[in-house]
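Each remark here refers to the structure printed beneath this line.
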Amino acid sequence: MINEERLKPMIKMAMFDKNEGKTCKPMIQYAKSDYISLQLLRGFVAGTVAFALLCGMWVMYDTERLFTMLKGAYIKDFLITVLLLYGIFMAAYLTITYLVYRMRYMEGRKKVKTYYKNLKDINKVYEREEKLKSMN
């Protein structure tokens with residue numbers, strides 16, 4: 001006979017494994033600071049590539065103005081402007097990355113705690129069944 005008390009948490013756990021298990025796996029493997037640091041490192045690389053692509057698109061769009069700037073004595077000012085824009089872009093990008101992955105980690109940990117609570121509930125049911133069997 002099927003034990004419904006055991007079945008409900010098992011279904012919840014199976015649904016978690018199927019739907020969210022892979023995304024929540026890093027929340028089990030890493031501490032919060034390690035997880036966020038890893039994502040910030042990835043974000044730094046992705047942000048740098050994105051900024052380079054944006055600069056490349058700007059160069060393709062406004063090549064004439066760029067060559068005018070580079071012909072004159074504006075090279076130093078141009079490089080300072082580019083570095084300043086890179087710094088602002090990366091600060092904003094990494095701040096957003098930090099906030100997003102901090103929230104994801106916290107939500108994932110809550111889901112993992114619920115998963116483990118269901119696991120404990122199933123274990124308690126099995127223990128009760130074992131005690132009943134041993135009494136008979």
Side-chain angles (χ1 to χ4, degrees):
M1 187 167 161
I2 297 175
N3 186 343
E4 287 187 34
E5 187 180 4
R6 187 174 18 162
L7 188 61
K8 288 179 184 180
M10 289 176 96
I11 290 172
K12 288 179 185 177
M13 289 173 53
M15 300 259 306
F16 176 83
D17 283 338
K18 183 179 180 185
N19 299 331
E20 300 161 343
K22 290 181 183 178
T23 58
C24 291
K25 188 176 181 181
M27 283 62 165
I28 301 168
Q29 293 176 332
Y30 298 108
K32 183 178 180 180
S33 60
D34 293 339
Y35 177 75
I36 293 173
S37 297
L38 178 64
Q39 299 307 323
L40 285 174
L41 183 61
R42 285 179 163 176
F44 179 77
V45 172
T48 301
V49 169
F51 186 80
L53 289 173
L54 288 171
C55 285
M57 288 176 18
W58 177 76
V59 166
M60 291 169 61
Y61 174 74
D62 209 1
T63 307
E64 205 173 303
R65 184 170 154 200
L66 176 66
F67 285 136
T68 304
M69 281 185 198
L70 294 177
K71 281 183 184 175
Y74 302 114
I75 295 174
K76 183 178 178 183
D77 293 339
F78 176 75
L79 290 176
I80 290 172
T81 303
V82 169
L83 290 175
L84 185 63
L85 288 173
Y86 175 73
I88 293 169
F89 176 81
M90 289 304 293
Y93 189 81
L94 291 176
T95 300
I96 291 168
T97 301
Y98 173 81
L99 294 173
V100 166
Y101 283 101
R102 182 173 169 260
M103 287 175 42
R104 283 187 185 175
Y105 185 86
M106 289 169 39
E107 289 171 6
R109 286 299 281 192
K110 286 179 187 176
K111 291 176 183 177
V112 169
K113 284 181 182 180
T114 303
Y115 179 83
Y116 282 124
K117 182 190 172 297
N118 288 331
L119 195 59
K120 286 180 183 179
D121 291 345
I122 292 171
N123 194 26
K124 286 178 185 176
V125 171
Y126 277 118
E127 286 175 0
R128 268 190 266 136
E129 288 177 0
E130 287 296 320
K131 283 182 183 178
L132 289 174
K133 285 181 184 178
S134 65
M135 289 181 158
N136 292 333

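Among all heavy-atom pairs drawn from Thr81 and Asp77, the shortest one is OG1-O, 2.8 Å. When all heavy atoms of Ala46 and Tyr93 are compared, the pair lying nearest together is CB-OH, 3.8 Å.
Under the 4.5 Å side-chain contact rule for hydrophobic residues, Val82 and Trp58 share a cluster. Under the 4.5 Å side-chain heavy-atom criterion for ILVMFWY residues, a single connected hydrophobic cluster contains both Tyr116 and Tyr126. Hydrophobic clustering of Ile, Leu, Val, Met, Phe, Trp and Tyr side chains at less than 4.5 Å, counting indirect connections, unites Leu54 with Val59. In this structure, Ile36 is a member of the same hydrophobic cluster as Leu99, with clusters built from ILVMFWY side-chain heavy atoms closer than 4.5 Å.
For Lys124, the side chain to side chain donor-acceptor pair (under 3.5 Å) criterion is met by no residue, not counting sequence neighbours. Looking at residues two or more places apart in sequence or on another chain, you find a ring pair (Phe, Tyr, Trp, His ring centres under 6.0 Å) between Phe51 and Tyr86, Phe89.
Between Leu85 atom CG and Ile80 atom CD1 the span is 12.0 Å, to the nearest 0.5 Å. For the atom pair Met57 CE and Asp62 CG, the distance stands at 13.0 Å (nearest 0.5 Å). How far CG of Leu40 is from OH of Tyr98: 8.5 Å, rounded to the nearest 0.5 Å. Atom CG of Asn123 is separated from atom CD of Glu130 by 10.5 Å, given to the nearest 0.5 angstrom. With rounding to the nearest 0.5 angstrom, the CD atom of Gln39 is 15.0 Å from the CZ atom of Arg102.
Under the 4.5 angstrom side-chain criterion for Ile, Leu, Val, Met, Phe, Trp and Tyr, the cluster partners of Leu53 are Val49. Through direct or relayed side-chain contacts under 4.5 Å between Ile, Leu, Val, Met, Phe, Trp and Tyr, Ile88 connects to Leu84.
The list of ring-ring contact (aromatic ring centres under 6.0 Å, His included) pairs with a residue in residues 27-49, not counting sequence neighbours, reads Tyr35-Tyr105. Pairs engaging residues 106-115 under the salt bridge (charged side-chain N to carboxylate O under 4.0 Å, His left out) rule: Glu20-Lys111 [sequence neighbours left out].
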